[in-house]
Amino acid sequence: MTEYSTHFADAAPVADWLMQEHAHRRHFEPFAATYGVGSMRCAYDVQQAFVALQASARHAARAGYKIGLTSASMQAMCGIDTPVAGVVLDDRVHASGARLARAGPVRLGIEFEIAVRLGRDLAPIDRPFSLADIEAAVDAVAPAIEIVDDRACDYKSLDVFSLVADNAWNAGIVLGEFRTSWPAL
């Protein structure tokens with residue numbers, strides 16, 4: 001078991017393999033079943049180990065998180081009923097107007113988003129967070145473009161454990177100006 005995984009003993013070898021897949025710009029193929037990644041908990045353990053390797057290799061730190069599969073139709077396509085998360089590293093956070101090279105990603109995609117900056121942590125509670133709980137923690141919002149690299153995935157074969165383990169395909173984000181006052185989103 002690695003220092004990055006507390007539940008899935010084989011997270012480190014899968015993370016190493018993912019590093020090689022990305023380094024060689026290989027197309028995405030579902031891998032969870034092959035490597036025994038059989039639950040969301042295991043998938044997030046692999047993601048954590050993979051992100052730690054990426055952060056070390058690129059001398060980057062966690063800058064935030066992305067949320068994916070937020071619509072019912074995307075969740076249905078992946079056979080789940082909840083959004084997934086990925087980690088954004090600081091070397092892939094860009095200001096509006098940035099020019100990005102296409103040399104790294106296998107198949108680049110963009111998604112239009114709203115970035116939310118929290119002003120305080122949301123401490124665990126014994127119920128789901130309410131909209132008021134979330135609003136009280138939000139410090140600022142900004143327009144954003146998420147950069148996605150699906151590595152030419154065949155979506156007919158996509159499995160959610162592989163997607164999560166591969167850091168939810170996060171390849172960065174472009175942020176507009178954060179505002180502490182905003183209209184209805």
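Since the structure is predicted, the reported quantities are computational estimates derived from the model, not experimental observations.
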Measuring from [X]:[atom1] to [Y]:[atom2], what's the distance to the nearest 0.5 Å?
X      : Y      : atom1 : atom2 : value
Asp16  : Met19  : CG    : CE    : 8.0 Å
Ile147 : Glu113 : CD1   : CD    : 11.5 Å
Leu108 : Leu100 : CG    : CG    : 8.0 Å
Gln47  : Asn170 : CD    : CG    : 9.0 Å
Asp166 : Asp149 : CG    : CG    : 8.5 Å
Tyr35  : Cys42  : OH    : SG    : 15.0 Å

Residues which pass side-chain contact (heavy atoms from CB on, under 4.5 Å) with [X], listed by chain and number, not counting sequence neighbours:
X      : value
Ala152 : His27, Val106, Arg107
Glu29  : none
Arg58  : Gln54, Ala60, Leu89, Asp91, Arg92
Thr82  : none

Indicate if [X] and [Y] have the same hydrophobic cluster label, given that clusters are the connected sets of ILVMFWY residues with side-chain heavy-atom separations under 4.5 angstrom.
X      : Y      : result
Ile114 : Ile110 : no
Val160 : Val37  : yes
Val138 : Leu131 : no
Tyr44  : Leu53  : yes

(Q) Between Leu69 and Leu163, does the side chain to side chain contact (heavy atoms under 4.5 Å, CB included) criterion hold? Intermediate values first, please. (A) CA-CA 10 Å; Leu69 305 179; Leu163 171 68; 3.8 Å; yes
Q.
Are there over 12 heavy-atom neighbours, none belonging to Ile67, within less than 6.0 Å of that residue's CD1?
A.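 No - once you tally the heavy atoms of other residues, nucleotides and ligands closer than 6.0 Å, there are 12 at most.
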Do you know which two heavy atoms are closest between [X] and [Y], and how far apart they sit?
X      : Y      : result
Gly36  : Phe8   : O-CE1, 3.3 Å
Ala142 : Glu177 : CB-O, 3.5 Å
Ser157 : Pro30  : O-CG, 2.9 Å
Ala11  : Ala49  : O-CB, 4.2 Å
Cys153 : Phe28  : SG-CD2, 3.6 Å
Gly176 : Ser96  : CA-CB, 4.2 Å

Checking the side chain of [X] only, and the main-chain atoms of [Y] only, is there a donor and an acceptor separated by less than 3.5 Å?
X      : Y      : result
Ser162 : Ala32  : yes
Lys66  : Glu146 : no
Asp90  : Ala61  : yes

(Q) List the residues meeting ring-ring contact (aromatic ring centres under 6.0 Å, His included) with Trp182, not counting sequence neighbours, and say none if there are none. (A)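 Partners of Trp182 under the ring-ring contact (aromatic ring centres under 6.0 Å, His included) test: none.
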(Q) If the condition is ring-ring contact (aromatic ring centres under 6.0 Å, His included), which residues does Phe161 pass it with, not counting sequence neighbours? (A)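 In terms of ring-ring contact (aromatic ring centres under 6.0 Å, His included), with neighbours along the sequence ignored, Phe161 is linked to no residue.
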Q.
Taking the side chain as everything from C-beta on, heavy atoms only, tell me whether Ile134 gets closer than 4.5 Å to Val116.
A.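 No, every pair of side-chain atoms sits at 4.5 Å or beyond.
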Q: May I ask you to test the Asn167-Leu18 pair for a side-chain heavy-atom distance under 4.5 Å?
A: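 Sidechains of Leu18 and Asn167: no contact.
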Contacts of type salt bridge (charged side-chain N to carboxylate O under 4.0 Å, His left out), residue [X], not counting sequence neighbours:
X      : answer
Asp159 : none
Arg127 : Asp133
Glu21  : Arg26

Q) Taking ILVMFWY side chains as joined if any heavy atoms are under 4.5 angstrom apart, and letting links pass through other members, which residues group with Ile173? A)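 Other cluster members: Val88, Val93, Leu175, Phe178.
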(Q) For residues 131-160, which residue pairs pass the ring pair (Phe, Tyr, Trp, His ring centres under 6.0 Å) check, not counting sequence neighbours? (A)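 Sorted result for residues 131-160: Tyr155-Trp169.
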**Q.** Pairs meeting criterion ring pair (Phe, Tyr, Trp, His ring centres under 6.0 Å) with involvement of residues 45-96, two or more places apart
**A.**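 Applying ring pair (Phe, Tyr, Trp, His ring centres under 6.0 Å) to every pair that reaches into residues 45-96, excluding sequence neighbours, yields His22-Phe50.
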